[in-house]
Amino acid sequence: MKIATFNINGIKARLPAVTQWLDEAQPDVVLCQEIKSVDEAFPREPFEERGYNVETHGQKGFNGVAILSKRPLEDVCRGLPGDDSDEQARWIEATVMGDSQAVRLCGLYLPNGNPAPGPKYDYKLAWMERLEARARALLEEEMPAVMAGDYNVIPQAEDAERPEAWAEDALFLPQSRAAFRRILNLGFTEAFRARTDAPGQYSFWDYQARAWERNNGIRIDHMLLTPAAADLMTECRIDAEIRGREKPSDHVPVWIELAA
DNA sequence: ATGTCCTTAAGATAAGGA
């Protein structure tokens, strides 16, 4: 089962790029972030005619997450638990049946947090505490689980072309990286780094200043696997080349193959 | 070189978010 995460940066603007990639990559599941659409306005038809089931958790103007799946999605839950006053659409989860076993899928769009310090950074750190709590609960279940999405965290210096440029940024501040590491250290496997220590591998390049042409990127889109899921992983790759196409997202897909 | 892009609110451009 091929499972991908992709921050598409607006479904209305990205429909041609996303459908072209779907037709080529043929993922079974895609966890999408930044759909920037309310549920009612999400264009379901292009995906349904390709055989995907569509579950969205949108909001007006920004944020918004979705799951596309060729297999039926069950037990869909929207919103990260832990704060009923949080109205930002950043979390969706569902269960998909593999050939041999069920997998719990969590799609997340972690807050950017800039400028730091400030209320937006406080919100990011509080959101990460809630994520840690949900991660603990997932580990206690027997089902293999994947938490994938735009984490807005650069885990290590080797995950940025110019780490010095991010020293004061919410994506790379020690507190952000420590919170990410606390979640990993519960027992999760970060899929990409479990398979390679190659430098220069990124998932985001800014639209500005010819960042793509210079490979001035950062790796902030991650897939965290519970031990039961990590045992099933046979592949993890970044489809970087689509960043160079017409009207691309500033992020590219990251995907795993699970023998589930 | 904060050099771009996407969104909404308007009804042309400007602001917020990233």
Side-chain angles (χ1 to χ4, degrees), chain A residues 5-21 30-44 46 56-66 80 86-91 107-128 131 148-155 159-173 175-177 179-180 202-222 238-254:
Chain A
T5 177
F6 192 0
N7 181 324
I8 61 176
N9 189 14
I11 186 58
K12 295 178 192 73
R14 211 63 61 215
L15 203 47
V18 172
T19 51
Q20 183 188 356
W21 170 74
V30 187
L31 303 161
C32 299
Q33 302 88 40
E34 284 205 270
I35 64 173
K36 296 187 177 179
S37 167
V38 292
D39 296 335
E40 307 76 59
F42 189 92
R44 309 174 65 91
T56 61
H57 179 41
Q59 75 179 84
K60 194 171 185 175
F62 49 104
N63 301 331
V65 288
L80 182 63
D86 183 3
E87 295 183 347
Q88 299 196 30
R90 297 181 174 277
W91 178 269
L108 68 101
Y109 176 47
L110 205 147
N112 176 293
N114 283 304
K120 291 186 176 179
Y121 194 55
D122 294 341
Y123 174 66
K124 177 178 193 150
L125 295 178
W127 203 93
M128 293 184 85
L131 176 60
D150 177 357
Y151 278 75
N152 269 316
V153 173
I154 303 166
D159 298 312
E161 185 72 10
R162 298 182 58 231
E164 69 281 4
W166 299 92
E168 309 298 324
D169 193 284
L171 280 60
F172 195 53
L173 282 175
Q175 269 186 287
S176 307
R177 298 164 57 201
F180 182 75
Y202 309 124
S203 66
F204 169 93
W205 297 260
D206 199 289
Y207 287 123
Q208 302 185 69
R210 298 171 50 82
W212 164 251
E213 289 79 358
R214 298 173 180 181
N215 198 29
N216 181 15
I218 52 177
R219 200 175 64 87
I220 56 176
D221 297 273
H222 308 301
I238 301 176
D239 286 343
E241 67 284 354
I242 75 167
R243 182 63 178 78
R245 293 180 178 173
E246 283 293 298
K247 223 168 147 53
S249 172
D250 40 7
H251 297 250
V252 297
V254 181

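A quick note: this is a predicted structure, and the numbers were derived from the prediction, not measured. We name chains A, B, ... by the order of the sequence lines, and we start the count at 1 in each one. Just so it is clear, the values below take in all heavy atoms, side chains as well, and ignore hydrogens, waters and symmetry mates.
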Q) When every nucleotide of nucleotides 7-18 of chain B is labelled 5' to 3' by its protein contacts under 4.0 Å (heavy atoms), B for base, S for sugar-phosphate only, - for none, what sequence of letters results? A) SSS-------SS

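In this structure, Y109(A) has its ring center at least 6.0 angstrom away from the ring center of W91(A).
With sequence neighbours excluded, the residues forming a side-chain hydrogen bond (donor to acceptor under 3.5 Å, both in side chains) with D221(A) are S203(A), H251(A), listed by chain and number. Scored by the side-chain hydrogen bond (donor to acceptor under 3.5 Å, both in side chains) test, N215(A) finds W205(A) as partners (sequence neighbours excluded). The side-chain contact (heavy atoms from CB on, under 4.5 Å) check on P43(A) picks up I11(A), L15(A), P46(A), with sequence neighbours excluded. With sequence neighbours excluded, the residues forming a side-chain contact (heavy atoms from CB on, under 4.5 Å) with P248(A) are R243(A), listed by chain and number.
Distance, R214(A) CZ to dG3(B) P: 13 Å, rounded to whole Å. Per the geometry, CH2 belonging to W212(A) stands 17 Å off C1' belonging to dC5(B), to the nearest Å.
Applying the salt bridge (Lys or Arg N to Asp or Glu O under 4.0 Å) test to every pair with at least one member in residues 207-219 of chain A, sequence neighbours left out, gives these pairs: D159(A)-R219(A), E190(A)-R219(A).
One P atom belongs to dA10(B), the other to dC6(B), and the distance between them is 22 Å to the nearest Å. Of the C1' atoms belonging to dT13(B) and dA1(B), the separation is 24 Å, rounded to the nearest Å.
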